[in-house]
Amino acid sequence: MNKGSVSQILLITDGCSNQGEDPVAVSRHIVSTGVSVNVIGVLDDDQTEEPIGLREVNEIAEAGKGVSRIVYADDLSETMQMVTQQAMTQTIQGYVNQELKSILGDETNEEALPPETRGEVQEVMEDLSETVDLNMVILVDTSASMQTKMSAVKEALDDLMISLDARQGQFMYTVYQFPTRKQVVKLLLDWTDDGKRIAKVFPKFAVGGITPTGAALREAAKAFHISEQDDVMRGAAYDVIDPSYRSSS
Amino acid sequence: MMSSIHPTVRLANGTRINGLWHNRQYHIKQLLGEGARGSTYLVEASGKKMALKISRDPSVVTAEANILKKLQRAQSVSLGPSLIDVDDGYLPNRMKQSFYVMEYVQGKPMTSLVGKLSLVDLGRLMSRLLSELHQLHSMGYIFGDLKLDNMIFDDGLKRIRLVDVGGVTQVGRGIREYTSIYDRGFWRLGGRKADPTYDLFALAICLMHAERPLKFDSNGQQQMLWRFLSSSRRITPFQQVIKQALLGKYRDALHMKRDLDLALQQLSLSRPVQGRTTKTNTQRISERDLITLSGMVAFNGLMIYILL
């Protein structure tokens, strides 16, 4: 199997969007371009149950064929790693199931195989998720209420880089923040494969008022298209493993 | 597979599950554990006790069964539980779910034993574990999620068995599953690419728990580890071994084992003296001093060993 690439957006937010486009609709559009949308909702320490505003988090990820989790700031590190890994596995699972269907007929997916054969398919998927190239747009909500959680977000992203650096596949990422005074999103760090650089972009975070999540998602997703003109990314753009393949049951 | 589903599967005691492919029947006795990847139950089949792992995510079942199969192929290693069956079955709610069945490792959890065992006994168990880890490493695999919670003192075999193979990773790949406090990446003392030193780091953290449970802030502070170690009393004899392992200085498990054995030798030399002390306060202090002293002796022994 030839090596492909997986493209993801990781949105980190603590509340519901209150301005502009419907983020769920935007997310549905983004997945049609071959990019999955993962969302992590960050709870305040004193929030004992999921606030209604955070329900949107699950809806955006569901529309974007991604993974979502709602957690306290303290659990961010573990969660980010898990969400990223799981989303990648899901995309690859969907892709492999699609391939199986084209070989074995319409009704076939991995679970229809006997456990012994399934084991072999699993190994192929594991190889793939270890070696596939990963391109990730990280989009951080920096509205006022996120202020107290920023250091935890920074720690968690820094930690995520340790995990992604350990993979065999190439890893490229870019970081955006929203909202800013003049633009919907602001580029904090252009496409890079250097995990250490993320720690340095964080002091730049300015924290502002409104939360236009939908518009921000749309803008940030453009990063994948910008990258097509980019020399580093050109090779990766050919062989995208499309997350919309994913057969949800 | 939907994103929001939790992988655990709740089954009432007494439930029977029939395997669809291999036609074996399992009788649920009791929940053994729940985790981020699924649930483990004590089951009975043909009059024997076994452990059944079930998850809503079928890839978890397949992946872990694969690893157990591989471990089994290297017969000399009975580090993990042996694999008995992999199958799908219908639950009482008519959902079809994948599961695998393995040997039920009967024993005491190391989480509770680590503070109770004598340092010599603990050291010997860990030394044995290091030999077995070395075999696993030689096969090209790292245990990954090595922690006290995944260690059971097998009553029958009188040694540590490792359960939960979800973190087992091929050397050179990214560690699949880990627990922050045992993870060198968390403490910023190394990366998460699988190599033998990754497991040795985690084993050193296990040894540190013999002092007292290690607590940490949300972000790992390296200084905290070193402070914990230098102010430790009970584990002083192992201080140097632990430090070297934390720093990734041991090339492989056998090198760490060699130093641990050396520390153990020094410790057992001082043991008869300890045995004579009665439990008065002043003498307890002198006992403590003796342990510190023997730690220094062990350290000197180590230095001589290195110099030679």
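All values below come from the heavy atoms of this structure, side chains included, with hydrogens, waters and symmetry mates left out. Below, read A as the first sequence line, B as the second, and so on, with proteins coming before strands; counting in each chain starts at 1.
Of all the heavy atoms in B:Ser55 and B:Val60, the pair that sits closest is OG-CB, 3.9 Å.
Contacts between B:Ala65 and chain A at a heavy-atom distance below 4.5 Å are absent for every atom of the residue. Looking at A:Glu126, the atoms closer than 4.5 Å to chain B (heavy atoms on both sides) sit in the backbone and in the side chain alike. At a 4.5 Å heavy-atom cutoff, B:Tyr100 makes no contact with chain A through either its backbone or its side chain. Contacts between A:Asp158 and chain B at a heavy-atom distance below 4.5 Å involve backbone atoms as well as side-chain atoms.
Chosen from B:Gln170, B:Arg176, B:Glu177, B:Lys96, the residue pairing most often with chain A at heavy-atom distances under 4.5 Å is B:Arg176. Chosen from A:Glu78, A:Glu130, A:Glu120, A:Gln81, the residue pairing most often with chain B at heavy-atom distances under 4.5 Å is A:Glu130.
Under a 4.0 Å N-O distance rule, the pair A:Asp165/B:Lys193 does not qualify as a salt bridge. A salt bridge is defined here as a Lys NZ or Arg NE, NH1 or NH2 lying under 4.0 Å from an Asp or Glu carboxylate O, and A:Asp14 with A:Lys149 meets this definition. A salt bridge does not link B:Asp195 to B:Arg251: none of the charged side-chain nitrogens sits closer than 4.0 Å to a carboxylate oxygen.
Among residues two or more places apart in sequence or in another chain, the ring pair (Phe, Tyr, Trp, His ring centres under 6.0 Å) test is passed with A:Tyr173 by A:Phe171.
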